[in-house]
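Presented below is the structure to which this report refers.
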Amino acid sequence: MGIKERRAREKEQLRQQILSAARELFVNEGYESVSMRKIANKIEYSPTTIYLYFKDKVDLLDSVCQETLLHLLNTLEHLKKDKNDSVETLRKSGRAYVEFGLKYPQDYKLTFVVRPQFQKGLGLQEGSIGEKVFNYLREMVSECVRQKIFRQVDVETTGQVMWSAVHGVTLLLIDFPDFPWTERDKLIDTVIETTIAGLKA
């Protein structure tokens with residue numbers, strides 16, 4: 001490995017170190033309570049070093065959330081490999097989405113609750129990873145319509161309906177763990193099945 005390649009690798013390793021420290025502090029102490037200096041102290045670098053990689057704390061939060069969205073997108077894309085049963089793929093995707101949020105609740109809330117308070121919108125700009133995640137749901141709905149499994153529906157609205165359903169149950173289960181929910185898997189499956197059933201031709 002040459003000097004140029006080694007430096008590039010070291011630079012990326014430091015960037016990941018900064019992101020990991022920021023994620024941990026944002027989750028444990030709350031985004032507003034964390035300063036760039038506190039992140040720098042955690043990794044034993046100067047704040048100036050962090051500013052070489054990230055413009056400000058909002059940019060750092062955005063980068064943390066982009067990693068979360070990329071992880072979610074990779075999880076969903078893996079399910080799309082089987083195109084034989086579009087409804088089953090959509091069903092599995094809905095469940096995978098909820099399970100992802102429940103497995104990484106703090107990352108999920110950083111992405112979908114905290115970040116929108118400090119940025120415009122949900123990070124669904126054209127070409128963004130957030131847009132790709134939403135497009136995944138839109139494509140699944142469109143395929144179900146194309147195969148005449150779903151009736152002719154507005155794909156954009158229906159994609160938003162699907163996201164509203166899975167996002168809603170995910171956030172409720174995260175935020176209100178002590179609520180006397182019915183059996184969790186039954187609740188998740190019923191939300192997804194009821195939404196899908198309302199769309200069938």
Side-chain angles (χ1 to χ4, degrees), residues 23 58-59 61-176 181-201:
R23 178 183 290 106
V58 173
D59 183 35
L61 174 63
D62 181 65
S63 296
V64 168
C65 294
Q66 291 298 323
E67 283 201 338
T68 298
L69 287 169
L70 183 59
H71 187 185
L72 173 59
L73 180 62
N74 289 338
T75 299
L76 295 174
E77 287 284 357
H78 180 72
L79 296 171
K80 203 166 65 173
K81 291 178 181 178
D82 182 10
K83 297 183 179 179
N84 294 327
D85 189 336
S86 295
V87 171
E88 183 60 22
T89 300
L90 184 60
R91 184 181 291 115
K92 288 180 179 178
S93 297
R95 172 160 273 284
Y97 182 101
V98 178
E99 288 177 347
F100 179 90
L102 297 180
K103 185 176 181 180
Y104 307 102
Q106 299 300 336
D107 288 338
Y108 188 87
K109 289 193 69 174
L110 276 176
T111 301
F112 292 107
V113 179
V114 176
R115 184 174 67 162
Q117 297 176 38
F118 301 94
Q119 293 183 324
K120 278 189 175 182
L122 286 166
L124 300 179
Q125 297 88 348
E126 185 176 352
S128 68
I129 298 173
E131 184 195 40
K132 291 177 182 178
V133 171
F134 183 72
N135 281 345
Y136 174 92
L137 279 177
R138 185 191 287 119
E139 288 168 12
M140 289 293 95
V141 170
S142 181
E143 183 63 20
C144 288
V145 172
R146 189 188 70 77
Q147 294 182 15
K148 298 182 179 179
I149 300 168
F150 286 176
R151 62 182 183 278
Q152 289 296 324
V153 293
D154 178 72
V155 172
E156 185 71 23
T157 300
T158 305
Q160 292 179 19
V161 167
M162 285 300 304
W163 182 62
S164 297
V166 293
H167 173 67
V169 72
T170 302
L171 208 52
L172 284 169
L173 288 170
I174 290 172
D175 280 347
F176 302 104
W181 300 108
T182 184
E183 196 272 321
R184 193 180 79 172
D185 287 341
K186 180 180 179 182
L187 175 66
I188 296 168
D189 288 339
T190 302
V191 167
I192 294 170
E193 291 296 336
T194 301
T195 306
I196 289 175
L199 298 170
K200 286 188 175 179

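- How far OG1 of T89 is from CD of E143: 9.0 Å, rounded to the nearest 0.5 Å.
- A side chain to side chain contact (heavy atoms under 4.5 Å, CB included) with I149 is found for exactly one of R151, R146, Q147, namely Q147.
- At a threshold of 4.5 Å between non-hydrogen side-chain atoms, the residues L173 and I188 count as touching.
- For the residue pair V133 and L72, the shortest heavy atom distance occurs at CG1-CD2, 4.0 Å.
- Test L73, I129, T111 against T68 for side chain to side chain contact (heavy atoms under 4.5 Å, CB included) and you get one pass: T111.
- When every heavy atom of V191 is checked against every heavy atom of T195, the shortest pair comes out as O-OG1, 2.8 Å.
- Under the ring pair (Phe, Tyr, Trp, His ring centres under 6.0 Å) criterion, Y136 pairs with no residue at all, not counting sequence neighbours.
- Residue L79 holds its CG atom at 10.0 Å from CD of E88, rounded to the nearest 0.5 Å.
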Practice task
May I have the step-by-step check of side chain to side chain contact (heavy atoms under 4.5 Å, CB included) for L90 and F150, ending in yes or no?
Solution key: CA-CA 12 Å; L90 184 60; F150 286 176; 3.7 Å; yes

Practice task
Evaluate side chain to side chain contact (heavy atoms under 4.5 Å, CB included) for L110 paired with R115, printing each intermediate quantity in order.
Solution key: CA-CA 6 Å; L110 276 176; R115 184 174 67 162; over 6 Å; no

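- Between Y97 and H167, some side-chain heavy-atom pair lies under the 4.5 Å cut-off.
- Side-chain N or O atoms of R95 include one that pairs as donor or acceptor with a backbone N or O of D185 at under 3.5 Å.
- A tilted orientation is assigned to the rings of F112 and W163, their planes being inclined by 30° to 60°.
- In this structure, the separation between CG on L137 and NZ on K132 is 15.5 Å, given to the nearest 0.5 Å.
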Practice task
Just do the side chain to side chain contact (heavy atoms under 4.5 Å, CB included) check on W181 and L172 with the steps written out, would you?
Solution key: CA-CA 10 Å; W181 300 108; L172 284 169; 3.8 Å; yes

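- Of the inter-residue distances, the one linking D59 atom CG with Q66 atom CD reads 10.0 Å to the nearest 0.5 angstrom.
- To the nearest 0.5 angstrom, T75 atom OG1 is 8.0 Å from K103 atom NZ.
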Exercise for the section: Quick one: do E67 and R23 satisfy side chain to side chain contact (heavy atoms under 4.5 Å, CB included)? Show the steps, please. Expected result: CA-CA 10 Å; E67 283 201 338; R23 178 183 290 106; 2.9 Å; yes

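- Between R91 atom CZ and M140 atom CE the span is 13.5 Å, to the nearest 0.5 Å.
- A salt bridge links D175 to K109: at least one charged side-chain nitrogen sits closer than 4.0 Å to a carboxylate oxygen.
- The salt bridge (charged side-chain N to carboxylate O under 4.0 Å, His left out) contacts involving residues 153-165 comprise R138-E156, where partners must be two or more places apart or lie in separate chains.
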